[in-house]
Amino acid sequence: MTLDLPFIWAGLIAFAVLAYVVLDGFDLGIGMLFPLFKKERERDVLMNSVAPVWDGNETWLVLGGGGLLAAFPLAYAVILPALYAPLTVMLLGLIFRGVAFEFRWRTVRWKPVWDWSFALGSLAASFTQGIALGGLIQGIKVADRAYAGGWWDWLTPFSILTGIAVVVGYTLLGACWLVIKTEGDIQNRCYDLGRKLSIALVVLIGLVSLWTPFLGEQFLSRWFTWPNIALTAPMPILVLVAAGALWRGLHDYSRPAQPFLSALALFVLSYVGLGISFWPLMVPPSITFYDAAAPDASLGFLLVGAAILLPVILAYTAYAYYVFRGKVDPNAHYH
């Protein structure tokens with residue numbers, strides 16, 4: 001039996017991107033929550049809640065980007081020039097945020113600078129990820145297997161909407177993570193923030209979902225023509241079920257993990273919805289993952305490495321979260 005290597009690699013990269021979103025999303029969200037907590041002790045707790053795992057979370061971004069370059073070079077060559085500006089800002093935001101983890105613990109005079117670097121770096125990375133997502137969904141102009149659009153094609157009302165949605169979603173994940181990891185006043189404030197953010201996120205998911213089918217004929221036919229509609233109709237229902245579980249969890253203080261798991265469910269369902277819209281496209285509106293794939297010999301060679309590397313990353317990630325489970329000690333320090 002011959003393996004469908006482009007399909008396998010499309011699934012692996014999709015998994016890596018989803019893993020990055022659900023793992024790094026909540027610690028980006030904590031960075032965006034930073035300005036809402038004024039006391040230095042509170043900010044220390046916020047940072048300590050993700051300090052042991054944040055760098056491991058970003059492994060999935062490297063895996064997704066590197067995998068795209070190696071397995072789908074055409075898609076990489078088209079997407080990168082189309083989204084140079086937002087992706088550059090995203091990387092700068094991640095750099096400043098990463099540096100802030102180290103520097104804010106080593107200085108007194110400049111601590112406010114690194115606090116804001118942590119917050120603004122998280123905001124910049126989150127917003128530009130949403131912008132890049134919107135720019136990809138709305139389609140990229142391609143001619144002769146190369147990007148044929150302009151410098152600002154990525155900047156549209158739709159991409160701004162998706163940028164805001166990602167910011168709100170990540171901030172909600174951050175608040176729900178802190179519900180699990182903290183106690184007392186911080187936890188209570190995060191319950192309250194989570195309720196407000198959950199309403200905003202559900203509204204934004206609805207707006208993006210209603211707008212997306214009208215960005216291209218392939219999206220419209222996928223969601224609103226028979227027999228496709230019989231398969232896609234359960235998605236909005238599942239989103240509402242997850243939203244209901246999130247809302248209940250944010251009012252039931254006896255189950256601190258429920259809000260976080262429900263918020264993750266919303267992200268996973270939204271991601272599945274995007275997959276339904278895209279299939280089998282990798283770069284809308286014209287490039288499928290079969291068109292963009294490297295030769296099968298290269299994909300097969302890479303798959304051997306992935307079969308070794310992925311279990312190691314998964315095992316390390318699971319072990320790190322197991323070791324650092326439980327509530328954050330308010331008296332602990334990052335170093």
Side-chain angles (χ1 to χ4, degrees), residues 8-32 49-72 75-76 79-80 83 86-98 101 118 121-137 159 162-163 165-174 176-177 201 205 208 260-261 263-275 278 282-283 289 302 305-306 309-321 324:
I8 292 172
W9 267 103
L12 289 175
I13 292 175
F15 175 77
V17 172
L18 178 61
Y20 170 76
V21 168
V22 300
L23 292 177
D24 204 38
F26 69 81
D27 60 55
L28 286 168
I30 287 171
M32 291 183 284
S49 73
V50 294
V53 296
W54 74 271
D55 46 356
N57 294 341
E58 293 190 352
T59 302
W60 296 101
L61 180 62
V62 177
L63 183 62
L68 183 66
L69 170 62
F72 300 99
Y76 187 91
I79 292 172
L80 196 65
L83 302 173
L87 293 179
T88 300
V89 174
M90 179 194 76
L91 292 175
L92 289 173
L94 292 174
I95 289 170
F96 273 95
R97 174 175 163 273
F101 268 100
F118 183 58
S122 299
L123 176 61
S126 302
F127 184 63
T128 49
Q129 284 178 24
I131 287 277
L133 174 63
L136 181 63
I137 293 173
S159 68
T162 55
V166 169
V167 166
V168 171
Y170 282 178
T171 309
L172 173 63
L173 284 177
C176 293
W177 176 255
L201 180 61
I205 289 175
V208 172
F260 185 70
L261 296 175
L264 287 182
L266 281 176
F267 269 83
V268 171
L269 289 169
S270 298
Y271 194 73
V272 171
L274 285 176
F278 270 48
M282 180 159 275
V283 184
F289 60 82
L302 291 168
L309 185 62
L310 272 176
V312 173
I313 297 175
L314 287 169
Y316 166 79
T317 301
Y319 182 69
Y321 278 89
F324 295 102

Might you point out which heavy atoms bring Asp27 and Leu23 nearest each other, and give the distance in Å? OD2-O, 3.7 Å

Looking at Gly25, is its backbone amide N or carbonyl O close enough to the side chain of Tyr20 to form a donor-acceptor pair, meaning the two atoms are under 3.5 Å apart? no

Trace of the side chain to side chain contact (heavy atoms under 4.5 Å, CB included) decision for Leu94 with Asp24: CA-CA 11 Å; Leu94 292 174; Asp24 204 38; 4.3 Å; yes

With a 4.5 Å heavy-atom cut-off, do Thr59 and Tyr316 have their side chains touching? no

Which heavy atom of Leu28 sits nearest to which heavy atom of Ala125, and what is that distance? CD2-CB, 4.1 Å

With rounding to the nearest 0.5 Å, note down the distance linking CG in Leu61 to CE in Met90. 5.0 Å

Under 4.5 Å between any side-chain heavy atoms of Leu269 and Ile205, yes or no? no

Looking at Val22, is its backbone amide N or carbonyl O close enough to the side chain of Trp60 to form a donor-acceptor pair, meaning the two atoms are under 3.5 Å apart? no

Please lay out, stage by stage, how Val50 and Trp177 fare under the test side chain to side chain contact (heavy atoms under 4.5 Å, CB included). CA-CA 9 Å; Val50 294; Trp177 176 255; 3.7 Å; yes

More than 12 foreign heavy atoms under 6.0 Å from OH of Tyr319: is that the case here? no

Does the side chain of Phe127 come within less than 4.5 Å of Val89's, by heavy atoms? no

Looking at every non-hydrogen atom in both residues, tell me the closest pair between Gly135 and Ser159 and how far apart they are. N-CB, 4.0 Å

Shortest non-hydrogen separation from Ala132 to Leu83 and the atoms involved: O-CD1, 3.8 Å

Strictly by salt bridge (charged side-chain N to carboxylate O under 4.0 Å, His left out), give each pair with a member in residues 56-69 just once, sequence neighbours left out. Glu58-Arg97

Rounded to the nearest 0.5 Å, the CD1 atom of Ile131 sits from the OG atom of Ser126 at a distance of 12.0 Å

Atom CG in Leu68, atom CD1 in Ile79: separation rounded to 0.5 Å? 5.5 Å

Enter the distance from Leu274:CG to Ile137:CD1 here, rounded to the nearest 0.5 Å. 4.5 Å

Euclidean distance, Ile313 CD1 relative to Leu309 CG, rounded to 0.5 Å: 3.5 Å

At what distance, to the nearest 0.5 angstrom, does OG of Ser270 lie from CG of Leu133? 10.0 Å

With no hydrogens and no angle check, is any side-chain donor or acceptor of Thr162 less than 3.5 Å from a backbone partner on Gly130? yes

Closest heavy-atom pair, Pro86 versus Thr128, reported as atoms and distance to 0.1 Å, is O-CB, 3.2 Å

What are the two closest heavy atoms between Leu302 and Ala71, and how far apart are they? CD1-N, 4.2 Å

Could you check whether the rings of Phe26 and Phe260 sit parallel, tilted or perpendicular, using 30° and 60° as the cut-offs? perpendicular

Are Tyr170 and Val21 side-chain neighbours, meaning at least one heavy-atom pair lies under 4.5 Å? yes

Under 4.5 Å between any side-chain heavy atoms of Ile30 and Trp54, yes or no? no

Suppose we screen for ring-ring contact (aromatic ring centres under 6.0 Å, His included). Which residues come up paired with Phe118, at least two apart in sequence or across chains? Phe34, Phe101

